[in-house]
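The structure presented is a predicted model; accordingly, all values stated were derived computationally and were not measured. Order of the sequence lines fixes the chain letters, A, B, ..., with proteins taken first and strands second; residue numbering starts at 1 for each chain.
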There are 2 protein chains.
Amino acid sequence: MSLSPLLQELITSLRVLPGVGPKSAQRMALHLLERDRQGAVNLASALEAAVEHIGECERCRNLSEQPVCGICEDSSRDRHVVCVLESPVDLMAVEQTGGFNGLYFVLKGHLSPIDGVGPDELGLDRLFALVEAGDVTELILATNPTVEGEATAHYIAEQLDESAVNITRIAHGVPVGGELEFVDGGTLAHAFAGRRSLRRGRDD
Amino acid sequence: MSLSPLLQELITSLRVLPGVGPKSAQRMALHLLERDRQGAVNLASALEAAVEHIGECERCRNLSEQPVCGICEDSSRDRHVVCVLESPVDLMAVEQTGGFNGLYFVLKGHLSPIDGVGPDELGLDRLFALVEAGDVTELILATNPTVEGEATAHYIAEQLDESAVNITRIAHGVPVGGELEFVDGGTLAHAFAGRRSLRRGRDD
């Protein structure tokens with residue numbers, strides 16, 4: 001098909017977006033050109049500004065355009081609790097619950113020796129230095145409940161074995177609103193192993 | 001949530017893409033920043049180039065970065081048949097079938113007096129001039145089978161009543177591979193009204 005080369009290029013470039021296949025890319029390109037050229041111009045400049053200015057927070061490794069991110073600088077947050085996450089997406093998910101008021105530490109990955117991802121790539125030296133500085137009383141390991149996420153959590157816990165910090169792992173179990181019938185076996189096993197007494201006082 | 005303002009802006013800008021809600025926009029922004037910054041830069045420049053250089057073909061009104069588009073300039077195409085479509089997306093869909101070798105005319109809309117879209121906005125004067133120039137022997141009206149699309153097709157046919165050109169409308173009926181059970185009543189009625197004899201010679 002004799003498509004305009006620039007249009008073809010735009011369609012190809014849109015494919016870098018996750019979840020966008022050839023058909024969606026085509027629809028997006030035509031939508032922008034036919035109905036929202038201003039939106040396309042804005043998107044182009046937002047992309048450029050974001051790529052140029054957004055780096056990582058030097059304390060928590062979250063995406064930030066300042067040397068230290070807004071969460072780390074927020075004096076109203078509890079500096080004694082640090083939640084360790086695999087990625088900025090996870091951080092946004094936790095932030096959106098509004099239920100956590102501590103600080104974060106973003107690993108940007110999980111231990112994966114095959115892919116050459118070791119403790120250095122995850123910035124674990126920085127995390128350990130943070131813990132050793134003494135301010136932190138609880139470290140919540142909220143890596144994903146996958147084999148690699150679990151391994152990463154266990155590695156961190158092991159390395160901090162000598163430290164006085166309280167190390168916790170988020171609970172795994174049946175999702176709220178989920179039905180037992182549709183929950184996989186591994187999750188169900190976790191839910192049973194992590195069961196808690198409903199009678200006050202008997203709960204450990 | 002104390003999100004980086006530039007990141008927030010990128011997420012908002014991504015929402016101009018059709019079918020992209022707040023969650024997808026967030027996922028896209030983080031994906032680009034974390035894993036494909038080069039892709040983001042390429043996308044930004046493709047967007048800028050496309051918006052700056054892509055206009056419309058002066059003959060067929062399709063999107064084109066040249067004054068006359070590649071299809072209109074292609075000497076191997078049949079200049080006697082012109083297919084009239086509502087939008088460049090429709091043109092791409094027809095082109096991708098590979099079954100049509102004539103030229104196109106893109107209306108970029110349909111008659112809709114309420115929205116202020118009349119014959120002038122659809123470039124109908126240009127279409128009529130093209131037909132009157134005499135080269136065209138068949139005009140295939142392939143506007144959408146909606147109320148507005150049908151009205152537009154009928155208006156064009158009416159205006160060219162005096163002309164010698166053969167005016168046809170694409171067939172509407174049961175989609176190939178579709179099942180009668182799931183086809184709506186309007187389509188079924190069209191399919192019955194447009195039935196053709198299977199015996200050669202009896203077909204009109």
- Query: What are the two closest heavy atoms between A:Ala50 and B:Leu10, and how far apart are they?
  - Reply: CB-CD2, 3.8 Å
- Non-hydrogen atoms of chain B under 4.5 Å away: do they reach the side chain of A:Leu7, the backbone, both or neither? both
- Query: Under the side-chain contact (heavy atoms from CB on, under 4.5 Å) criterion, do A:Leu43 and B:Leu14 qualify, and how do the steps go?
  - Reply: CA-CA 6 Å; A:Leu43 176 54; B:Leu14 281 164; 3.7 Å; yes
- Item | Largest heavy-atom contact set with chain B, pairs under 4.5 Å, which of A:Leu63, A:Val89, A:Ile54 | A:Ile54
- Query: Where do A:Arg37 and B:Val51 come nearest, in terms of heavy atoms and distance?
  - Reply: NH1-O, 3.0 Å
- Message: At a 4.5 Å cut-off on heavy atoms, which part of B:Leu32 comes close to chain A: side chain, backbone, both, or neither?
- Response: side chain
- Query: Top residue by heavy-atom pair count (under 4.5 Å) with chain A, among B:Gly39, B:Ala44, B:Ala29?
  - Reply: B:Ala44
- Of all of A:Glu52, A:His31, A:Glu73, A:Gln66, which one pairs up most often with chain B through heavy atoms under 4.5 Å apart? A:His31
- Here the gap from A:Met92 atom CE to B:Lys23 atom NZ, rounded to the nearest 0.5 Å, amounts to 9.0 Å
- Message: Using heavy-atom distances under 4.5 Å, tell me whether B:Glu65 contacts chain A through its side chain, its backbone, both, or neither.
- Response: both
- Message: Out of the candidates B:Asp36, B:Leu17, B:Val20, only one should pair with A:Leu17 under the side chain to side chain contact (heavy atoms under 4.5 Å, CB included) rule; please name it.
- Response: B:Leu17
- Note on the structure: Interface check, chain B: of A:Cys69, A:Gly98, A:Gly19, A:Pro5, most non-hydrogen pairs under 4.5 Å belong to A:Pro5
- Note on the structure: Whatever's closer than 4.5 Å to a heavy atom in chain B on A:Glu34 counts as side chain
- If every non-hydrogen atom of B:Ser13 is compared with every non-hydrogen atom of A:Asn42, which pair is closest and at what distance? OG-O, 4.0 Å
- Item | Side-chain heavy atoms of B:Leu30 within contact of A:Ser87, under 4.5 Å | no
